[in-house]
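Below is one structure; the comments refer to it alone.
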Amino acid sequence: MASKLKIYNTLTNKKEEFKPIDPAHITMYVCGPTVYDFAHVGNARPVVVFDTLARLLRHDFGKLTYARNITDIDDKIIEASQKSGEDISVITEKYARIYEEDVAALNADMPDIVPKATDYIEEMKSLISDLIEKDHAYEADGHVLFQVSTMQDYGGLSNRSVEDLLAGARVDVADYKREAPDFVLWKPSSDAQPGWDSPWGRGRPGWHTECSAMIEKNFGKTIDIHGGGQDLIFPHHENEIAQSKCSHGGANLANHWMHNGYLTVNGEKMSKSLGNFVTVHELLEEHGKNIGEAIRMCLLTAHYRQPVDFSSDGILQANKQLTKWYNLTQDVTATKPAEEILEALRNDLNTPKAIMELHQLAKDENRKGELLASAQLLGLLYRKFDSDLTVGVLEANAEYEAWLSEREEAKKNKDYATADKIRDRFKEHGITIKDTPDGPKLEFD
RNA sequence: GGUGCGGUGGCGGAGAGGCUACGCAGCGGAUUGCAAAUCCGUGUACACGAGUUCGAUUCUCGUCCGCACCUCCA
């Protein structure tokens with residue numbers, strides 16, 4: 001299918017026409033979580049962004065293979081294990097499961113492939129051997145390091161030059177490194193640490209190695225799209241490129257590199273280290289699973305390369321809007337996504353514009369089917385309508401029921417003083433009563 | 001210091017060289033016993049300075065400010 005998709009490519013810092021290697025089969029890889037803790041809303045942003053892109057790609061091209069990895073071997077995990085006394089596999093399996101549940105609540109489909117780092121140890125080892133053979137890597141003190149200066153165009157993704165990196169080393173350089181910017185491909189493990197036998201002794205892979213190995217195994221040398229958060233541009237993606245290119249005779253690892261902006265809190269990046277994070281899990285616990293859709297909508301209200309500021313107010317506002325649309329499309333059958341929406345999305349995934357178009361469609365009596373189909377392309381309005389969609393709607397309760405019928409009675413007798421008194425009584429309980437054509441409804445304030 | 005992304009109405013947030021989205025809130029009105037919901041109406045905002053142009057908020061340069069990466073981080 002013909003598509004005029006344009007995406008911003010971090011490699012060139014330009015918006016470019018998307019040129020698939022094989023238009024009949026698109027390949028995309030996105031960096032996933034390191035599973036040792038709950039994912040916060042910032043971690044959820046790439047999930048939602050690339051899930052939305054995946055939906056568009058499937059719509060436009062038909063076949064897409066989308067991979068998102070799970071890092072299940074990492075120093076942070078080892079640390080967590082030593083702290084809690086739990087086995088590493090217990091920790092990683094637990095948090096991988098929670099991650100999948102949380103992400104499902106955001107209506108992000110499971111990727112086609114979810115490779116785990118520990119399933120690719122052999123592939124990583126052969127990549128490392130290959131790099132040593134090609135004189136791009138060297139062994140030192142139980143480590144294997146990639147020698148950055150052996151690659152001429154290192155730094156192309158993040159616009160850094162090897163000279164600058166050599167000159168600007170600010171951190172203490174480990175003494176086994178030949179040069180400051182060299183990075184670890186393999187590191188030794190103590191007996192207490194998990195490790196695998198290798199030609200360089202018992203050890204474990206460095207962080208960047210897994211993605212290169214997984215991509216090669218699952219897709220080959222070059223994929224269409226590689227995605228992740230902006231904080232991965234350097235050093236993670238830069239180093240992936242270095243490893244893969246040097247091993248593959250200069251072939252591009254990915255033709256298009258896409259990076260989403262941060263989720264911020266009061267203008268600052270949401271992050272573990274700043275402590276200003278909110279986990280998806282706790283939001284779901286607090287507001288119910290259905291709030292996941294509102295979180296998704298919030299994340300889509302800003303363009304993916306722009307920062308989006310997190311606030312619970314924003315989520316509630318999104319929820320309100322979704323409820324309106326659900327009401328509007330109650331008896332509607334989805335038809336086809338509107339051309340306006342597709343056009344917006346094909347322009348570097350302009351989701352804010354797409355949402356604006358949803359508002360327009362909502363105004364048009366004759367385009368409800370398109371509204372629904374378009375929203376679903378964005379991963380919204382996917383649930384069957386039911387009256388409990390509203391967050392905070394109360395369960396039936398004998399006492400409240402009694403008050404309600406008392407009030408209905410008063411209303412029937414035009415005894416509005418009593419009716420309003422009962423409304424005030426609800427108010428004191430933090431509940432707002434709303435008379436609708438279907439009878440009174442109660443909502444938490 | 002290097003690299004990148006930004007500064008748009010009360011808030012959120014698109015956008016294009018000239019036609020100045022959209023949502024929320026606000027205000028006015030319809031409707032409602034009153035509210036809620038709904039519907040109608042209502043707002044010329046684009047950091048600053050210079051330049052290019054018939055015309056710039058949109059292009060160029062400079063200034064100021066914010067955020068981020070350069071160390072683990074989506």
Side-chain angles (χ1 to χ4, degrees), chain A residues 8 10 13 30-34 36-37 39-50 68 71 74-76 79 155 157-161 163-165 167-173 181 183 207 227-238 259-264 266-274 277 297-309 311 313-314 316-318 320-321 323-324 327-328 340 344 347 350-360 362-363 410-417 419-420 423-424 427 432-438 440-443:
Chain A
Y8 184 91
T10 311
N13 286 325
V30 175
C31 288
T34 302
Y36 68 102
D37 205 352
H40 64 238
V41 186
N43 302 126
R45 169 113 104 141
V47 174
V48 168
V49 164
F50 290 103
R68 185 181 62 216
T71 301
D74 173 273
D75 287 2
K76 287 223 170 102
E79 224 174 88
L157 185 69
S158 56
N159 289 306
R160 275 157 238 258
S161 69
E163 294 78 59
D164 288 350
L165 288 168
R170 323 155 84 193
V171 188
D172 285 345
V173 181
F183 60 90
W207 175 37
Q230 276 172 352
D231 43 3
L232 296 182
I233 296 172
F234 189 91
H236 186 52
H237 288 162
E238 197 70 77
H259 293 95
N260 62 273
Y262 301 117
L263 188 80
T264 59
N266 297 324
E268 275 187 326
K269 179 183 175 183
M270 180 182 280
S271 74
K272 279 257 163 69
S273 42
L274 287 172
F277 61 92
M297 171 132 165
C298 272
L299 293 175
L300 294 176
T301 51
H303 183 88
Y304 76 92
R305 282 189 283 114
Q306 294 309 127
V308 38
D309 208 62
S311 71
D313 201 57
L316 295 179
Q317 191 174 312
K320 220 164 126 188
Q321 187 59 52
T323 306
K324 277 188 197 174
N327 279 317
L328 218 53
E340 299 94 307
N347 184 13
N350 193 338
T351 52
K353 183 102 184 278
I355 287 171
M356 179 277 276
E357 298 293 354
L358 289 181
H359 287 294
Q360 297 307 102
K363 283 186 191 163
K411 272 172 68 186
K412 211 185 280 173
N413 299 329
K414 298 212 191 302
D415 179 6
Y416 296 119
D420 289 349
R423 188 191 348 238
D424 291 342
K427 205 74 200 166
T432 300
I433 185 162
K434 292 178 178 173
D435 293 323
T436 75
D438 305 326
K441 284 215 167 107
L442 302 179
E443 271 181 30

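Naming: A, B, ... by sequence-line order, numbering from 1 per chain.
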Separation of the P atoms in B:rA68 and B:rA74, to the nearest angstrom
16 Å

Span that lies between the C1' atom of B:rC48 and that of B:rG66, in whole angstrom:
15 Å

Looking across every strand, which nucleic acid part, if any, lies under 4.0 Å from A:Tyr8 by heavy atom: base, sugar-phosphate, or nothing?
sugar-phosphate

Would you mind telling me which of B:rC72, B:rG4, B:rC24 lies closest to the side-chain atoms of A:Pro235?
B:rC72

Where the side chain of A:Asn159 is defined as all heavy atoms beyond and including C-beta, which of B:rC34, B:rU3, B:rC70 is the nearest nucleotide?
B:rU3

In whole Å, what is the span from the CG atom of A:Asp420 to the C1' atom of B:rA35?
8 Å

Under 4.0 angstrom between A:Lys411 side-chain N/O and B:rU32 OP1 or OP2
no

Please list residues of residues 352-360 of chain A whose heavy atoms come under 4.0 Å from any atom in RNA chain B, ordered by number; otherwise none.
A:Pro352, A:Lys353, A:Met356, A:His359, A:Gln360

Sequence neighbours left out, what passes side-chain contact (heavy atoms from CB on, under 4.5 Å) with A:Ala302? Give chain and number order.
A:Val308

Taking a pair to mean Watson-Crick or G-U wobble geometry with both distances below 3.5 Å, B:rA16 pairs with none

For A:Asp313 and B:rG10, what is the distance between atoms CG and P respectively, to the nearest whole Å?
18 Å

Side chain of A:Asp164 - closest among B:rG33, B:rC70, B:rG2:
B:rG2

If we only count heavy atoms from C-beta on, is the A:Lys353 to A:Asn347 side-chain gap below 4.5 Å?
no

Given atom CG of A:Asn260 and atom P of B:rC69, what is their separation to the nearest angstrom?
13 Å

Given atom CG of A:Asn347 and atom C1' of B:rA21, what is their separation to the nearest angstrom?
15 Å

Nucleotide B:rA68, atom P - distance to CZ of A:Arg45 in whole Å:
14 Å

Write down the partner of B:rU31 under the Watson-Crick or G-U wobble criteria, each distance required to be under 3.5 Å.
none

In whole Å, measure the gap between the C1' atoms of B:rU71 and B:rC65 for me.
27 Å

So if I take every side-chain heavy atom of A:Asn350 and compare against B:rG15, B:rG33, B:rA74, which nucleotide ends up nearest?
B:rG15

Could you tell me the separation between the NE2 atom of A:His236 and the CZ atom of A:Phe183, rounded to the nearest 0.5 Å?
10.5 Å

Roughly, in whole Å, what's the span from NZ in A:Lys269 to C1' in B:rC5?
14 Å

Face-on cation placement of A:Arg68 at A:Phe50 ring, 6.0 Å and 45° thresholds:
no

Using atom P in both nucleotides, what's the gap between B:rG13 and B:rA47 to the nearest angstrom?
15 Å

Would you kindly compare A:Met270 and A:Arg423 by the position of their nearest RNA chain B nucleotide and give the one closer to the 5′ end?
A:Arg423

A:Lys324 side chain near B:rU38 phosphate (N/O to OP1/OP2, under 4.0 Å)
yes

Look through every strand shown and name the nucleotide pairing with B:rG51 as Watson-Crick or G-U wobble, where both distances are under 3.5 Å.
B:rC59

If pairing requires Watson-Crick or G-U wobble contacts with both distances under 3.5 Å, which nucleotide is the partner of B:rA21?
none

A:Asp309 and A:Thr264: side chain donor to acceptor below 3.5 Å:
yes

What is the distance, to the nearest angstrom, from the NE2 atom on A:His259 to the P atom on B:rC70?
13 Å

If we call it a pair only when both distances are under 3.5 Å in a Watson-Crick or G-U wobble match, what pairs with B:rC5?
B:rG66

If you look at every strand shown and take non-hydrogen atoms under 4.0 Å, does A:Gly42 touch a base, only sugar-phosphate, or nothing?
base

Does A:Lys363 have a side-chain nitrogen or oxygen under 4.0 Å from the phosphate oxygens OP1 or OP2 of B:rC40?
no

Students often get this wrong, so: under 4.0 angstrom with heavy atoms, is A:Lys76 touching a base, only sugar-phosphate, or nothing?
base

Passing candidate, salt bridge (Lys or Arg N to Asp or Glu O under 4.0 Å) with A:Asp231, options A:Lys269, A:Lys272, A:Arg45
A:Lys269

Among B:rA74, B:rC69, B:rG13, the nucleotide that comes nearest once only the side chain of A:Ala302 is considered
B:rG13

Donor on one side chain, acceptor on other, A:Ser161 and A:Asp164, under 3.5 Å
yes

Interatomic distance, A:Thr10 atom OG1 to A:Glu238 atom CD [nearest 0.5 angstrom]:
11.0 Å

Separation between the P atoms of B:rC27 and B:rG33, rounded to whole Å:
23 Å

Does B:rG26 pair with anything, Watson-Crick or G-U wobble, both distances under 3.5 Å, and if so, with which nucleotide?
B:rU42

Taking any heavy-atom pair under 4.0 Å as a contact, classify A:Gly314: base, sugar-phosphate, or nothing.
nothing

When all nucleic acid strands are considered with a 4.0 Å heavy-atom cut-off, which category describes A:Ile233: base, sugar-phosphate, or nothing?
nothing

Measuring from atom CE of A:Met356 to atom CD of A:Glu340, what distance do you get when rounded to the nearest 0.5 angstrom?
9.0 Å

Distance in angstrom units between A:Lys434 NZ and B:rC34 P, rounded
18 Å

With rounding to whole Å, what would you report as the distance between B:rU3 and B:rC46 at their P atoms?
31 Å

Out of B:rC69, B:rG23, B:rG33, whichever nucleotide has its closest atom nearest the side chain of A:Phe234:
B:rC69

When the C1' atoms of B:rG43 and B:rG55 are considered, how many whole Å apart are they?
25 Å

Does a side-chain heavy-atom distance below 4.5 Å link A:Ile355 with A:Leu300?
yes

Could you tell me how far B:rG51 sits from B:rA56 if I compare only their C1' atoms? Round to whole Å.
12 Å

